[in-house]
Each structure stands twice: as structure tokens, then as C-alpha cells.
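A quick note: this is a predicted structure, and the numbers were derived from the prediction, not measured. Here is how names work: the chains are called A, B, and so on, in the same order as the sequence lines, proteins then strands, and each is numbered from 1.
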Amino acid sequence: MNFVEELTWRGMLHTIMPGTEEMLNKGMASGYIGFDPTADSLHVGHLTQIMTLIHFQRAGHKPFALVGGATGMVGDPSGKSAERNLLSEDVLQHNLEAVKAQLTRFLDFDSGMNSAEMVNNYDWFKNFTFLDFIRDVGKHITVNYMMAKDSVKKRLEGDTGMSFTEFTYQLVQGYDFYYLWKHHNCTIQMGGSDQWGNIVTGTEFIRRKDAGEAFALTTQLIKKADGTKFGKTESGAVWLDSERTSPYQFYQFWLNTTDLDAKAYIRIFTLYDRAVIEAWEAEHDAAPHTRILQKALAKDITIRVHGEAQYEKAIKSTDFMFGSVGIEFLNELSNEEVLELFSGVPNFNLPLADLQAGVNISDLLAVKTSIFPSKGEAKKTIAGGGVSINREKVATADDVYSTSVLINNKFVVAQKGKKNYFLIIVE
RNA sequence: GGGGAGAUACCAGAGCGGUCAAAUGGGGCGGACUGUAAAUCCGCUGCUUCGGCUACGAAGGUUCGAAUCCUUCUCUCCCCA
């Protein structure tokens, strides 16, 4: 199965330029996807692009992962309704290093001819002067052409306007493609469907400047079945960095996928082949409550991103949090084991003296810890029956807790709702 | 430089002198049901020592009383030059 067929059956393909598949079928091709360092970690939204590169490499092609040291300084207007704030160079540099490190984990950088490569567009832009740029790049593309792009049109039609800086973004990205085409023989650029306009500016630029031929392919924007944004939870984006999103939370995110979405995601985010996936689907349809798809999905991605050991830990934590194990189970564990079990869960420290003096529940939740942002909210949630201490529902917001709630003389387990656990460490 | 429109809670958006902590919708959070799903239903959605306090771009002013009226300022958008 070739690259395009692979993406097609997985439901990942969005748009493909005519002739692309023929070009790829001729043999090993080089292609790239760009990642802008807007934060110091990638998030699950980037996984589609990462998987695309993985498939590209598995199909025998040579993938380039481009980190946008330069483009990150400009700001991509695609899909943005308002002008973005520029990041400082320090922040950008820090982000760049972090993103590079993450990308390194997913691709094979040592597989001979088609080893992956990492490039940074800052390398070819840092000495590119403004005058050179407007003469060598700007001259080949008309403003009329640039204005016709969706990303630009939307902003001109909207009521927020757009700076010249963001307007030029497509040229900067277009030149990236040209550079990689010229120097690394990259004949295809891939990306999310929102990147189509930018990518095509690149192929157009290559054609006009050097009469060269280059291709484009974009992938589906991942959305949830209900149309809402993919990759968000109560606490924000789901990051690949374990400091930002713990492996346990990461695992939970995937496990909580809806049935409908799971069928789509298992194709996009795992490498299992069609027969395996279809067999699981049949099994899933027969007994949806076993959530076989969600489990397989969560397992595969968690291992790819965080490794086997972290996955095992996430499973153990999950078993305790959602299994039939009672709270007494903690008594059988050592302090280290308890901490390990709760390692993926937010935790707070509380001086023992506070508990000895007796602490009001809303103080405990909102003042001594930041499980709730305010006492008012803690009280409201308690009134709605949404708070538990050691798995026991808190009856009223006036309850006072003392050392009698301690587990192992050291811990208190708090829950906000059913799914959100917090560990309070008392010492 | 000239003219116009506007700035309200997380977002959209009503309110146009008191009854406004501010309609309505969305989002979010919690509950019930369930499979840690979807759909549905219900509750909550500024802070609080529960007496109040701080809020409708900012600062002043008018008034017994202002999100609502006046002045100045800041910012945004649109049109013209």
C-alpha cells in the first residue's frame, strides 16, 4: 500500500494536488511538514502531522521535520481570527529546543537513505535581508494572489484587520518550501488542511521562480463528532510534555474518547493495520461498554508518547481511581507506593498542624489548596453533591475535618466530580 | 487629516436613570442516568469573615440614585483623503 492509499483508508487525507501520487510512486521522495514553536511543547493536535510523517517514512520516503524558528517569529494568520502577539526571541528559542526534542522521538533518524531530518528555517532566514527578500521572493508573487487566500480573505472581511507581518507569512513559508526543494530535493509539503493556502504559495513560488514542480497534500482537521474542538479538556490543551499533562491524564484523555470518535482516531493515531482495526470495531459494536477501541487507542498513543513504563503506571492509577478497589486499599501501600499511584494527579501539601486544629472543608479546598479557585465555588459544588473526601461525599460546606481523615497518617484523597482526583499530602 | 460606528461577565449579545451581580444563547462546572461513552434531564456559573464588597474600556462630573445622562481620555472597526 502506498502512502496516499494509506492516508486515504485511514481517513486522514483532505486535499491532494494532482500528480502527487504519481510522483511519490516513482520512488523515494523527500517531503516535509512544518511545526511552529508557539509553545514549549507540542500538543495532541500536532499528532496528526507527526503520524503523517511517520506514514511517509514507513512508505519509504524521506521525512523532514521543519521547526519554524523564523516562521514562529512572524505568526501564521491561518485559522486565526485576530492578530497574534509576537513571542520574544528568548521564549522562541526555548520553545524551539523543546519542540525539536519531542519531534525527535517519533521519527527514525537512523534508517539509512530515508532517515528523518530536522531543519530549522531560521538557518536560512537569519541572514536574509529585507531588501533581498522583497526582490527575490516578493517579486514573484502578486498581492492579488496573496489576497485571494482564505486565511487573508477572512481577516480582511472580519473586523479585526491584519498586520503586514502576518500578511507576509505565506511568503515566508513559501520560501521555506522553495529552499528545501532547492537544497534538499523536497518535492512535497504536507500539513493540516488549514495549511493548504500556505503550501500552495510554495509550489507556486517554486514554479514561478525556477519553473520547478512541487506537490502538496493536506490532512483532515481533527474534530470531535459533536463538532467541538479536539484536544481540549477542562484544564486546557492536552500536551505531549509530561510536565504539562501527566501520562495518567494523557491516558485518560484518550480513554474518554466517545465511541464514534474512537473509530476515527484509532485509524489516525495508531499504526495498526486495517484488518486488526476492523476486527476491533466489530468487537466494539458488539460490546461497546468494554471500550476495546478506547483502550487500544489510549494504550498505543500513551506508549508512543510516554513509553511503556509510564503507560503501566497510568493503568495502575486508572485501576485504582475507577476500578472497584476501595479506598482502604491505600492502607496496604507504602507512602512511596501511594505517591506513585497518584503521580499523575495534582497534589497539594498541607501542614499537619492545620489538620490537627481542624479545618473547614471549603478552606481546605480553596484556601489551603487550590482545588477550587474560590470558596464560593467550592461551596456551590459541595451543595450540588460534587465533592468527595476519601470517596465519601461531603455533606455540607460547614464540615470540619481533622486528623481522623488521614490515610497512612499522611494522605487525604479529594475528588471534584467523579473523575478529578487530588491528593493532599499532610506533613 | 476628515467622517461614522462601537467598547457590557469565558464568548456572543440584550439592557439605555432606580425593581441590574446585569435578559437570552453558547461554553464551562456539578448532579441523575450510563460504559470514566453519546443523547437527555436537573442545578450552578463575580468575591465574601454572608454584614457586605468589587464590577458594564479609563478618569472625572450631574443626580437621593448611573451599565444607562454629560465631559475628557484610551482603544477597536468601517468609509473617505
Side-chain angles (χ1 to χ4, degrees), chain A residues 80-85 153-163 166 223-238 246-266 280-281 283-299 302 314-325 342 344-346 359-368 370-389 391-398 400 413-422:
Chain A
K80 303 283 187 308
S81 57
E83 185 82 10
R84 285 204 272 169
N85 292 323
K153 240 192 316 190
K154 283 209 179 96
R155 289 281 285 276
L156 294 180
E157 284 163 3
D159 47 21
T160 53
M162 172 185 221
S163 68
E166 290 196 6
K223 273 214 231 146
K224 293 199 273 186
D226 58 9
T228 57
K229 224 172 178 173
F230 163 77
K232 291 271 194 258
T233 65
E234 313 82 81
S235 41
V238 178
S246 72
Y248 163 73
Q249 287 163 333
F250 188 84
Y251 177 80
Q252 284 288 321
F253 167 76
W254 294 104
L255 192 68
N256 277 308
T257 305
T258 65
D259 291 355
L260 209 56
D261 288 330
K263 289 182 185 178
Y265 295 175
I266 193 112
W280 277 338
E281 269 174 8
E283 215 174 311
H284 184 271
D285 287 337
H289 58 277
T290 60
R291 291 183 295 164
I292 181 168
L293 282 176
Q294 281 92 335
K295 283 177 185 165
L297 175 72
K299 177 180 176 177
T302 305
I315 287 290
K316 273 191 190 146
S317 301
T318 294
D319 282 346
F320 172 73
M321 312 285 183
F322 298 98
S324 50
V325 199
F342 282 86
V345 155
V359 60
N360 173 273
I361 182 65
S362 39
D363 277 325
L364 178 67
L365 297 173
V367 182
K368 304 291 183 192
S370 46
I371 293 171
F372 283 91
S374 72
K375 288 168 81 165
E377 196 168 323
K379 286 178 182 174
K380 281 169 195 156
T381 310
I382 290 169
V387 177
S388 296
I389 292 291
R391 291 242 178 100
E392 298 262 348
K393 264 192 185 170
V394 175
T396 74
D398 301 324
V400 173
V413 176
Q415 271 168 281
K416 171 182 171 236
K418 283 197 192 105
K419 298 190 206 171
N420 304 300
Y421 277 87
F422 301 88

[X] side chain: which of [options] is closest?
X	options	answer
Lys380(A)	G35(B), U45(B), U36(B)	U45(B)
Lys393(A)	G35(B), U36(B), G31(B)	G31(B)
Lys379(A)	U49(B), U48(B), G35(B)	U49(B)

Legend entry - Distance-only donor-acceptor test (3.5 Å): side chain Gln294(A), base U36(B):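 Side chain to base: no pair present.
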Legend entry - Pairwise P distance, A7(B) and G13(B) [rounded to whole Å]: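 After rounding to an integer number of Å, I get 10 Å for this pair.
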Is the closest side-chain heavy-atom distance between [X] and [Y] below 4.5 Å?
X	Y	value
Leu365(A)	Ile382(A)	yes
Leu255(A)	Lys295(A)	yes
Phe372(A)	Val387(A)	yes

Inset, instruction - Both distances under 3.5 Å, Watson-Crick or G-U wobble: report the partner of C69(B), or none. - result: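 Across all strands, the one nucleotide that pairs with C69(B) is G61(B).
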Inset, instruction - Figure out the NZ/P separation between Lys375(A) and C29(B), and round it to whole Å. - result: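 Distance, rounded to whole Å: 24 Å.
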Within the structure shown, what part of the strands sits under 4.0 Å from [X] by heavy-atom distance: base, sugar-phosphate, or nothing?
X	answer
Lys418(A)	base
Lys295(A)	nothing
Thr318(A)	base

Inset, instruction - Quickly, which of Asp285(A), Thr258(A), Thr257(A) forms a side-chain hydrogen bond (donor to acceptor under 3.5 Å, both in side chains) with Lys263(A)? Name it, please. - result: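 Testing each of Asp285(A), Thr258(A), Thr257(A) against Lys263(A), the sole residue satisfying side-chain hydrogen bond (donor to acceptor under 3.5 Å, both in side chains) is Asp285(A).
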